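Step one of this worksheet: look at the structure below.
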2 protein chains.
Amino acid sequence: MKNECLNCACVMKSMQALKSCQLEQLESNHAIVQFQKGDPIIKQGMFSTNVVFLKRGLVKIHIAGPYHEQIVRLAKAPTYLGLPTTIGDKINQYSVTAVQDSEVCFIDLNIFKRVLEENKDFSSYIILELCKSELESYRRCANRTQKQTRGNLADVLLDLSENVFESTEFVLPISQSDLGNLVDASRESVNRLLSELMNDGIIRMEGRKIEILNKYSLQLISQNG
Amino acid sequence: MKNECLNCACVMKSMQALKSCQLEQLESNHAIVQFQKGDPIIKQGMFSTNVVFLKRGLVKIHIAGPYHEQIVRLAKAPTYLGLPTTIGDKINQYSVTAVQDSEVCFIDLNIFKRVLEENKDFSSYIILELCKSELESYRRCANRTQKQTRGNLADVLLDLSENVFESTEFVLPISQSDLGNLVDASRESVNRLLSELMNDGIIRMEGRKIEILNKYSLQLISQNG
DNA sequence: TCGAAAAAGTGATACATATCACAAAATATT
DNA sequence: AATATTTTGTGATATGTATCACTTTTTCGA
């Protein structure tokens with residue numbers, strides 16, 4: 001009987017493979033669940049007792065701000081989800097929702113913590129990831145607040161193209177309203193700015209299908225106001 | 001010969017005391033340095049090879065945004081400084097500057113990492129801190145971007161009063177210009193809003209000395225626009 | 001397949017806040 | 001003590017974006 005965890009990125013990403021006894025602990029205390037586009041995976045305000053690992057798919061990480069929902073970022077598989085909110089607080093401090101059909105592995109928090117304690121390399125890896133992720137969150141926040149919407153929108157389009165879909169042509173995984181929540185703007189502003197980008201021949205849009213025609217212009221817009 | 005680290009909050013904060021051999025490792029690989037108000041402690045863009053622990057004083061953590069410097073937050077002793085930027089990247093991704101005379105302990109990163117690996121409780125503690133800090137940074141970002149300046153300014157004043165100085169009367173540790181960098185507003189706006197708070201009898205100001213006259217009003221302003 | 005709900009498109013208007021341009025005050029610096 | 005530099009105070013103006021109010025289109029569920 002082969003151990004399912006053995007080839008899972010959850011483990012692979014931690015450079016040093018876990019010992020087989022640790023693998024077994026994970027194996028017997030995890031659950032793999034399928035989620036459909038739109039399904040909530042982690043819900044802010046609920047108890048969290050599981051570490052969540054995204055095996056396949058794309059999700060949005062979002063938090064209830066003082067006035068509206070803010071999308072912190074999109075995350076694509078393979079990656080841990082909600083490590084901070086699972087370890088940092090018994091109650092989820094943010095939500096995670098599938099924006100594409102996704103496959104998720106739930107790992108019992110206590111087991112995860114035990115493996116973390118038993119395996120130095122694994123815990124070093126997790127500490128490193130947490131540090132990087134916090135750095136990233138500082139940078140994101142500085143950009144969001146200082147750039148104006150046009151620049152942030154350009155950033156999102158570039159990120160989707162380069163990192164998420166790795167193509168100049170892709171289908172927007174979220175609504176314009178959510179795009180607004182991701183760049184701290186209203187749905188209407190996003191719409192107007194997208195139209196503008198179309199009129200300027202920088203992108204082509206048909207429904208949610210987007211093609212980036214002029215990446216260089218987008219980069220300029222991202223950098224300047 | 002007593003070990004200086006023994007009673008330092010750097011160690012104390014990690015619930016379980018370190019073993020004496022670990023204490024000795026820290027003892028022989030740390031350096032305590034005094035900083036004056038205005039002195040840079042960590043500089044963005046420079047190599048980082050030390051974990052930094054703030055023993056005494058008050059600092060600002062700031063990052064160069066696309067257009068101007070942004071103050072991520074103020075941090076008061078005792079606390080680790082720049083764990084994410086020290087562990088997460090060889091090059092500092094943000095700066096830390098003393099805003100009051102401060103005392104800082106530099107610990108060699110390799111030693112720190114070794115102790116981290118050798119002591120489960122310590123590494124659990126650090127992981128927990130990192131998670132909490134990331135949660136906090138999400139929350140802060142959502143507030144900053146969604147609230148308008150008046151509310152953010154009220155937040156800062158409340159935070160200074162309640163958490164930093166623990167008094168309704170205190171001396172502003174930073175300039176109005178920096179206050180602007182902390183609430184994502186221009187120096188002029190901050191100035192006008194402070195005047196407004198004075199005229200409304202919510203605070204009293206004489207130079208940088210501030211007294212909060214009506215905490216409840218400030219809380220209201222923090223919550224509403 | 002039809003009706004309802006959600007998403008997208010677009011004009012008019014309002015407003016918070018940036019920016020510019022100075023003057024006055026307070027702090028450093030030599 | 002004298003001078004330079006930083007900080008603060010305040011008006012006038014410009015502008016990016018939110019908000020409101022509607023229509024059209026697309027998507028979804030019964």
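The chains referred to below are lettered A, B, ... by the order of the sequence lines, with proteins before strands, and numbering in each begins at 1. Everything numeric in this text was worked out from a predicted model, so none of it was measured.
- Both R192(A) and G207(B) sit near DNA chain C, but only R192(A) has its closest nucleotide nearer the 5' end.
- T85(B) places a side-chain N or O within donor-acceptor distance of the main-chain N or O of Q93(B), the cut-off being under 3.5 Å.
- M205(A) places its CE atom 11 Å from the P atom of dT10(C), with the value rounded to the nearest Å.
- Straight-line distance from the CD atom of Q176(B) to the P atom of dA26(C): 13 Å, rounded to whole Å.
- Within 3.5 Å, no donor on the side chain of R187(A) pairs with an acceptor on the base of dT17(D), nor the reverse.
- Here the closest heavy-atom approach between residue A75(B) and residue I61(B) is recorded as CB-CD1, 4.2 Å.
- Rounded to an integer number of Å, the gap from CD1 of I174(A) to P of dT26(D) is 20 Å.
- At dG9(D), none of the side-chain N or O atoms of S195(B) fall inside 4.0 Å of OP1 or OP2 (strictly under the cut-off).
- Rounded to an integer number of Å, the gap from CD of E188(A) to C1' of dC20(D) is 8 Å.
- Nucleic acid contact class of D178(A) (heavy atoms, under 4.0 Å, all strands): none.
- A heavy-atom distance below 4.5 Å is not found between the side chains of S161(A) and K215(A).
- When the nearest nucleotides of DNA chain C are assigned to R208(B) and L194(A) by heavy-atom distance, the more 5′-ward of the two goes with L194(A).
- Under 4.0 angstrom from either OP1 or OP2 of dT17(D) there lies at least one side-chain N or O belonging to T149(A).
- Separating the CG atom of L153(B) from the P atom of dT17(C) is a distance of 11 Å, rounded to the nearest angstrom.
- Counting only heavy atoms from C-beta outward, the side chains of L54(A) and V104(A) approach each other to under 4.5 Å.
- Taking atom NZ of residue K147(A) and atom C1' of nucleotide dT17(C), one finds them 21 Å apart after rounding to whole Å.
- Between the C1' atom of dG16(D) and the CD atom of E196(A) lies a distance of 11 Å, rounded to the nearest Å.
- Proximity of N191(A) to the phosphate of dA8(C): no side-chain N or O atom is located under 4.0 Å from OP1 or OP2.
- Taking atom CD of Q148(A) as the reference point, atom P of dT17(D) lies 4 Å away to the nearest angstrom.
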Q | Criterion salt bridge (charged side-chain N to carboxylate O under 4.0 Å, His left out) on D155(A) and K147(A), from CA distance to verdict | A | CA-CA 10 Å; D155(A) 276 338; K147(A) 281 189 189 179; 2.6 Å; yes
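- The side chain of S186(A) places an N or O atom within less than 4.0 Å of a non-bridging phosphate oxygen (OP1 or OP2) of dA18(D).
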